[in-house]
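We're numbering straight along the sequence, starting at 1. All values below come from the heavy atoms of this structure, side chains included, with hydrogens, waters and symmetry mates left out.
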Amino acid sequence: FKTVVNHPLENSLTDSMQPILKRFFAFTDKEWNHFCELMNKKPLSEKNFQLIDLPKYGCWSGIFLKMQEIIKLCHPVSSIEFLNDRRFETRYMVIPSFSMLQSTIEVKANTLGVTPKKLIPTYYRLDPDDYAITKEKVGMPLGLYFPEINTSLRYSIDNTNFKGTIDEWEDEGPFASILHDFYHALRELAMDDNLFKVRFHLASLAKHHPLNQKSPGEREISDILIDGELIYSHPLSEDTVFNARPEFTQNFRDLFYCTALVNKLHPDLKRHFIRDMVFNQNFWDREFNLSKKDLRQKDKIIYEEVASFRNTKF
């Protein structure tokens with residue numbers, strides 16, 4: 001796609017830029033003012049964005065078309081919205097700077113009353129262990145595309161550094177990868193703190209369990225736990241991120257039944273997780289503030305069976 005507009009913001013975010021960015025990031029007036037305060041402290045090189053011309057029908061990225069069903073942000077912007085000209089309606093995709101993405105995370109975190117996630121620029125694909133450590137201890141890795149020295153390889157579909165598979169979506173480009181990671185950072189903001197922490201512990205248990213995969217060829221449970229999030233349902237009056245959410249607050253009791261896990265988690269591995277809760281009660285209480293009461297009824301039965309067996313004297 002050709003670049004249609006390159007917008008330098010010079011020393012401040014000008015009024016002419018407001019409708020585009022405000023619409024793209026789904027900012028309220030209060031959020032927009034907060035965003036401007038943050039961005040006005042950034043280097044000049046970060047105070048710009050680009051627009052790419054999109055097809056009138058369809059989408060340039062299959063995976064992000066799916067994401068746009070869930071979040072209010074990052075939807076294509078129509079020229080009608082900021083030019084009010086219906087004669088030449090055009091659809092654009094905003095290409096924001098890295099600082100704009102990070103500032104948006106901070107603004108949305110402030111709205112939800114949670115700690116913002118730090119976006120960590122990364123090049124190439126991180127080793128799964130490095131990815132897990134980065135996500136748990138540092139922040140959300142954001143995959144950036146570093147152009148090839150050989151210009152003929154820069155935009156080659158055969159170059160896996162440019163075109164790749166993201167969550168089973170094939171031939172996705174580098175900007176789709178960036179927005180995909182940004183989307184996951186937004187989901188992290190909406191995740192319960194206890195669940196954020198406990199999933200890394202469960203992933204470690206799964207990684208060393210023979211049934212980390214329910215059957216050969218399936219994705220490992222440890223990877224699913226590290227990569228995925230459950231959306232904590234903040235009140236609609238406070239949430240400017242999600243437009244499609246569960247009607248109830250997702251928490252630990254729902255983890256084993258979420259869409260990504262329910263058909264892939266082997267019963268023996270789930271029992272192994274619950275067994276860890278039984279044998280390390282003090283740890284679970286201290287680190288996660290979780291216990292039997294936080295399980296669904298059918299899982300409480302497993303907990304009681306394991307506890308009963310543990311206390312049996314032979």
### Message
Can a donor-acceptor pair be found, under 3.5 Å and without considering hydrogens, that links the side chain of Lys135 to the backbone of Asp227?
### Response
yes
### Query
For Lys117, does its backbone N or O pair with a side-chain atom of Gln102 as donor and acceptor, under 3.5 Å?
yes
### Task
Determine, step by step, whether Lys270 and Asp299 satisfy the salt bridge (Lys or Arg N to Asp or Glu O under 4.0 Å) criterion, reporting the C-alpha distance in whole Å, the side-chain angles of both residues, the deciding distance to 0.1 Å, and the verdict.
CA-CA 9 Å; Lys270 182 171 77 168; Asp299 296 328; 2.9 Å; yes
### Query
If you count the non-hydrogen atoms of other residues, nucleotides and ligands that lie under 6.0 Å from CZ in Arg271, is the total more than 12?
yes
### Exercise: do Lys108 and Thr240 side chains pair donor with acceptor under 3.5 Å
yes
### Backbone of Gly143 reached by a side-chain donor or acceptor of Asp181 within 3.5 Å
yes
### Message
Between Arg253 (side chain only) and Arg296 (backbone N and O only), is there a donor and an acceptor less than 3.5 Å apart?
### Response
no
### Euclidean distance, Ile274 CD1 relative to Ile302 CD1, rounded to 0.5 Å
4.0 Å
### Query
Applying the 4.5 Å side-chain criterion to the ILVMFWY set and letting contacts propagate, would Leu186 and Ile120 be lumped into a single cluster?
no
### Message
Less than 4.5 Å apart, side chain to side chain, heavy atoms only: is that true for Val94 and Leu51?
### Response
yes
### Query
Near Asp127 CG, under 6.0 Å, is it more than 12 heavy atoms from other residues, nucleotides or ligands?
yes
### Query
Between the side chain of Gln281 and the main-chain N/O of Val278, is any donor-acceptor distance below 3.5 Å?
yes
### Query
Quick one: is the NZ or CZ of Lys298 closer than 6.0 Å to the six-membered ring centre of Tyr257, and within 45° of its axis?
no
### Query
When rounded to the nearest 0.5 angstrom, what distance separates CZ in Phe182 from OG1 in Thr104?
5.0 Å
### Query
Would you find a donor on one side and an acceptor on the other, under 3.5 Å apart, between the side chain of Glu31 and the backbone of Val107?
no
### Message
Measuring only between side-chain heavy atoms, which start at C-beta, is Asp294 closer than 4.5 Å to Phe288?
### Response
no
### Task
Measure from the side-chain N and O atoms of Glu218 to the backbone N and O of Gln213, and report whether any donor-acceptor pair falls under 3.5 Å.
no
### Task
Count the heavy atoms of every other residue, nucleotide or ligand shown that sit under 6.0 Å from NZ of Lys41, and state whether that count exceeds 12.
no
### Task
Working to the nearest 0.5 Å, report the span between CE of Met39 and OG of Ser99.
5.5 Å
### Query
Can you name the nearest heavy-atom pair linking Leu211 to Leu269, along with the distance?
O-CD2, 3.5 Å
### Task
Decide yes or no for Glu229 and His184: does some side-chain heavy atom of the first lie under 4.5 Å from some side-chain heavy atom of the second?
yes
### Query
Are Val306 and Tyr303 connected in a single hydrophobic cluster, I mean Ile/Leu/Val/Met/Phe/Trp/Tyr linked by side-chain heavy atoms less than 4.5 Å apart?
yes
### Task
Check for a donor-acceptor pair, side chain of Asn280 on one end and backbone N or O of Phe283 on the other, with a separation under 3.5 Å.
no
### Query
Just by distance, do the side chain of Arg219 and the backbone of Lys264 share a donor-acceptor pair under 3.5 Å?
no
### Any donor-acceptor N or O pair under 3.5 Å, side chains Tyr131, Asp223
no
### Message
Has Asn40 got a side-chain atom pairing as donor or acceptor with Glu37's backbone, closer than 3.5 angstrom?
### Response
no
